[in-house]
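Comments concern the structure below.
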Amino acid sequence: MSDAWRAVDSYISGKLICADPALDGALAANAAGGLPAIDVSATQGRMLELLAWMCGARRILEVGTLGGYSTIWLARALPEDGRLVTLELEPHHAAVARANLARAGLADRCEVRTGLAVESLAAMIAAGEGPFDMVFIDADKPSNTAYLDAALKLTRPGSVIIVDNVVREGAVTDPDDPDPRVIGTRALFDAVAAESRLDATAIQTVGDKGWDGFLLAVVRPA
Ligand SMILES: C[S@@+](CC[C@H](N)C(=O)[O-])C[C@H]1O[C@@H](n2cnc3c(N)ncnc32)[C@H](O)[C@@H]1O
């Protein structure tokens with residue numbers, strides 16, 4: 001990873017993102033709890049918060065909680081009566097996330113559900129939950145098309161869907177890459193390209209988290 005990318009992320013954070021005890025504390029608690037440092041960066045988290053604000057999100061769905069760092073950014077954009085559901089496989093990650101959300105004063109509007117996200121999503125669809133105004137997908141990449149499918153059932157026209165880590169240091173362009181995360185990401189692009197209900201783009205990013213990118217889609221009016 002380039003030192004310059006890191007320096008620019010640090011410059012942007014220094015100028016535009018205030019030190020924040022809840023977010024800094026969440027990262028410290030994640031490290032203390034042995035969670036991998038694979039959360040979004042501060043600049044990306046801020047972007048998620050701004051996007052949630054821009055679309056006036058009142059209900060947000062997240063797939064892939066880890067310690068709740070991105071959850072905190074997203075939940076801060078919610079109004080007091082807003083709601084965020086975040087799905088996590090690992091009970092330990094979920095426990096750390098719940099504690100981080102409580103310390104951030106967001107426990108009242110956030111619910112961390114544990115289990116395989118495909119199963120949690122199927123249960124949500126069966127229960128008629130939604131529609132969510134925004135969905136952030138950031139879990140196991142081989143399941144991305146299943147998550148997109150579920151997201152389409154849990155959203156409405158105008159909802160925003162964001163999928164993280166879709167560039168993978170450029171590996172996404174390699175049809176022969178055997179990495180299941182790359183295969184899953186390429187399948188996601190194929191699914192989005194073939195999906196008439198979505199308008200989408202993807203943006204490459206560099207910074208603290210290396211060279212990657214996110215996919216941004218809006219559910220079209222019917
Ligand atoms: C990249 S991390 C999420 C980072 C988080 N969104 C953030 O930025 O703070 C991915 C998370 O997805 C979880 N995960 C992996 N496979 C999953 C699955 N099948 N169902 C639900 N969660 C899963 C992992 O345990 C991990 O905590």
Side-chain angles (χ1 to χ4, degrees), residues 9 13 17 20 22-52 57 60-77 84-101 103-104 106 110-125 132 134-151 154 160-169 179-185 187-188 205 207-210 212-216:
D9 249 7
S13 296
I17 303 176
D20 186 305
L23 288 161
D24 298 343
L27 292 181
N30 290 358
L35 273 55
I38 51 173
D39 3 56
V40 296
S41 67
T43 52
Q44 291 163 344
R46 179 73 170 151
M47 183 199 71
L48 290 173
E49 182 188 27
L50 293 174
L51 286 171
I60 299 176
L61 171 63
E62 179 179 58
V63 185
T65 316
L66 191 64
Y69 182 76
S70 54
T71 321
I72 293 173
W73 281 109
L74 286 164
R76 282 184 170 170
L84 185 153
V85 176
T86 181
L87 309 179
E88 173 56 51
L89 175 64
E90 299 293 338
H92 175 56
H93 294 184
V96 172
R98 287 188 190 104
N100 284 335
L101 289 162
R103 275 193 296 272
L106 294 164
C110 296
E111 185 187 349
V112 185
R113 295 187 191 170
T114 45
L116 283 167
V118 276
E119 291 178 3
S120 302
L121 289 164
M124 292 172 76
I125 293 162
F132 290 89
M134 183 171 174
V135 181
F136 177 50
I137 299 173
D138 186 21
D140 54 314
K141 312 310 171 186
S143 304
N144 269 344
T145 53
Y147 298 151
L148 179 73
D149 240 34
L154 289 164
V160 170
I161 301 172
I162 299 164
V163 188
D164 204 9
N165 308 124
V166 298
V167 172
R168 317 204 66 82
E169 299 187 326
D179 183 337
R181 295 168 300 182
V182 174
I183 294 169
T185 303
L188 172 77
T205 56
D208 273 347
K209 303 285 170 171
D212 213 325
F214 61 91
L215 184 140
L216 176 65

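Both ligands and their constituent atoms are indexed starting at 1 by order of listing.
Checking only distances, Gly68 never comes within under 3.5 Å of ligand 1, N or O to N or O. Geometrically, ligand 1 and Asp138 share a nitrogen or oxygen pair separated by less than 3.5 Å.
Assignment of Gln44 to the shell around ligand 1 is not supported, since no heavy atom sits closer than 4.0 Å. Contact annotation: Tyr147 has at least one heavy atom less than 4.0 Å from an atom of ligand 1. In this structure, Gly115 is part of the shell of residues with a heavy atom less than 4.0 angstrom from ligand 1.
A donor-acceptor pair under 3.5 Å is absent between the side-chain atoms of Glu119 and the main chain of Leu116, judged by distance alone.
Of all the atoms in ligand 1, the ones that sit under 4.0 Å from a non-hydrogen atom of Val40 are 7 (C), 8 (O).
The side-chain heavy atoms of Leu48 and Arg76, taken from C-beta on, include no pair separated by under 4.5 Å.
Residues Lys209 and Asp9 are not paired through a salt bridge, judged by the lack of any N-O separation under 4.0 Å between the basic side chain and the carboxylate.
Listed here is the closest heavy atom pair of Ile72 and Ala26: CD1-CB, 3.9 Å.
Among all protein heavy atoms, the one lying closest to atom 11 (C) of ligand 1 is Glu88 OE1, 3.6 Å.
Residues Ser70 and Glu62 have side chains that bring a donor and an acceptor to within less than 3.5 angstrom of each other.
Counted within 6.0 Å of CZ on Arg103, heavy atoms from surrounding residues, nucleotides or ligands total more than 12; the atom is thus considered enclosed.
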